[in-house]
Number of protein chains: 2
Amino acid sequence: MENKIFRNFISNKGLKLTKERLAVLNEIFSFRGHFEPEQLYLRIKDSEIKASRASVYRTLNLLVESGLVGKVARTEKGNVYEQTFGQEHHDHMICDRCGAIIEFCSQKIENLQDELCKKNNFDGTSHNLVIRGLCKKCKRTKR
Amino acid sequence: MENKIFRNFISNKGLKLTKERLAVLNEIFSFRGHFEPEQLYLRIKDSEIKASRASVYRTLNLLVESGLVGKVARTEKGNVYEQTFGQEHHDHMICDRCGAIIEFCSQKIENLQDELCKKNNFDGTSHNLVIRGLCKKCKRTKR
DNA sequence: ACTGCAATTGAGACTAAATATCAATTAAAC
DNA sequence: GTTTAATTGATATTTAGTCTCAATTGCAGT
């Protein structure tokens with residue numbers, strides 16, 4: 001399914017469907033959860049159909065543009081991504097010490113956002129909410 | 001006022017109140033709005049009491065720790081900061097077409113976030129909410 | 001299937017933000 | 001004033017991500 005969407009996206013943009021791009025797509029959709037580009041590259045480097053670090057980064061940008069992948073956040077260490085196709089919307093809490101990511105969703109917050117958009121005459125299409133602080137574990141071992 | 005808070009913070013941590021640290025503090029509180037470390041360094045480099053790039057970065061971290069300065073976001077180019085002392089908290093809507101930035105604040109959303117943190121045993125210290133879409137003007141002139 | 005060609009790849013160079021190093025300096029406690 | 005640990009600054013280092021460019025490859029047209 002994501003495969004079809006990607007083919008469509010590529011073709012609409014007049015780009016080429018290369019094995020490297022498919023390798024990146026498949027690797028990302030072979031698991032669930034968050035990932036960083038470098039990790040992704042290391043996985044692909046050891047897989048059947050390989051792709052270089054440059055191609056991984058390039059494809060990642062295409063996938064974000066296509067809507068199949070989303071940028072969760074930019075941390076001290078770099079970008080964190082996740083697949084967005086077929087996933088329910090959710091927001092994130094990120095631990096500043098250990099980097100743990102907690103997902104949550106709140107229909108109430110969504111509703112309030114819609115309300116605020118109306119009030120400001122803004123046609124909202126997406127949003128990104130990140131709460132930072134210390135996770136359960138880290139707040140126990142302060143400092 | 002921020003001066004006093006900073007002196008307190010420094011003294012409580014058993015650190016030294018150096019002219020370089022004061023130079024950074026004063027430079028930041030001499031204007032309002034967002035800023036990037038490099039810009040800040042360039043301003044300080046040309047001011048009366050100078051500080052090196054390294055000291056600017058080091059002091060910036062101290063100021064964030066003290067709560068006088070907040071990290072607004074981490075962009076592709078680096079961190080963006082703002083003074084937080086004496087400023088009201090706000091979130092942003094960003095227009096995908098013209099880049100317009102609309103500030104808004106909602107106590108209801110803040111409260112819901114606090115609630116969610118409690119529920120997840122998360123010690124939230126800051127949050128960042130960005131809503132993207134089309135602003136008033138741009139949604140009128142659709143495509 | 002063959003051809004032509006623009007898009008793509010990969011290895012490594014490059015960029016830029018931020019941190020680390022360490023000898024010289026300095027704030028501040030006594 | 002002396003002592004001492006914290007701080008500074010010039011520079012080296014790190015690291016995520018982009019750029020370069022010759023070699024390769026997908027694909028449209030025939």
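Labels below follow one simple rule: chain letters A, B, ... track the order of the sequence lines, proteins then strands, and each chain is numbered from 1.
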Bend angle of the helix from dA1(C)-dT30(D) to dC30(C)-dG1(D), from helix axes over five pairs at each end, nearest 10°: 40°

Start and end of chain B contact along DNA chain D [non-hydrogen atoms, under 4.0 Å]: dA5(D) to dG9(D)

Non-neighbouring partners of H127(A) that pass ring pair (Phe, Tyr, Trp, His ring centres under 6.0 Å), sequence neighbours left out: H89(A)

For a 4.5 angstrom cut-off between non-hydrogen side-chain atoms, does R21(A) reach F6(A)? yes

Are R32(A) and E82(A) within salt-bridge range, i.e. N to O under 4.0 Å? no

In short, N79(B) meets P37(B) closest at the heavy-atom pair O-CD, 3.4 Å

Test of understanding: clusters of I, L, V, M, F, W, Y form through side-chain heavy atoms closer than 4.5 Å, transitively. Do V80(B) and V69(B) belong to the same one? no

By salt bridge (charged side-chain N to carboxylate O under 4.0 Å, His left out) - contacts of E76(A) (at least two apart): K71(B), R74(B)

Any chance you could lay out the salt bridge (Lys or Arg N to Asp or Glu O under 4.0 Å) test for E38(A) and R53(A), step after step, and finish with the verdict? CA-CA 8 Å; E38(A) 182 66 15; R53(A) 187 177 273 111; 2.9 Å; yes

Could R132(A) and F122(B) be counted as a cation-pi pair, given that NZ or CZ must be under 6.0 Å from the ring centre and within 45° of the axis? no

Salt-bridge present (R58(A), E20(A); N to O < 4.0 Å): no

Nt span of DNA chain C in reach of chain A heavy atoms at under 4.0 Å, 5' end first, is dA6(C) to dG10(C)

Between V64(B) and I131(A), is there a shared hydrophobic cluster once you connect ILVMFWY residues whose side-chain heavy atoms come closer than 4.5 Å? no

I want to confirm an ordering. Mapping R74(A) and R58(B) to their closest nucleotides on DNA chain D, which one lands closer to the 5' end? R58(B)

Smallest separation among heavy atoms of Q83(B) and F35(B), with atom names: N-CE2, 4.3 Å

By nearest-nucleotide position on DNA chain D, the 5'-leaning member of Y41(B) and A54(A) is Y41(B)

If two hydrophobic side chains count as joined below 4.5 Å and joins carry through other members, does L42(A) share a cluster with I44(A)? yes

Donor-acceptor check, side chain of S47(B) to backbone of K50(B), threshold 3.5 angstrom: yes or no? no

Sorted by number, residues from residues 6-35 of chain A placing a heavy atom under 4.0 Å from DNA chain C are L15(A), K16(A), T18(A), E20(A), R21(A)

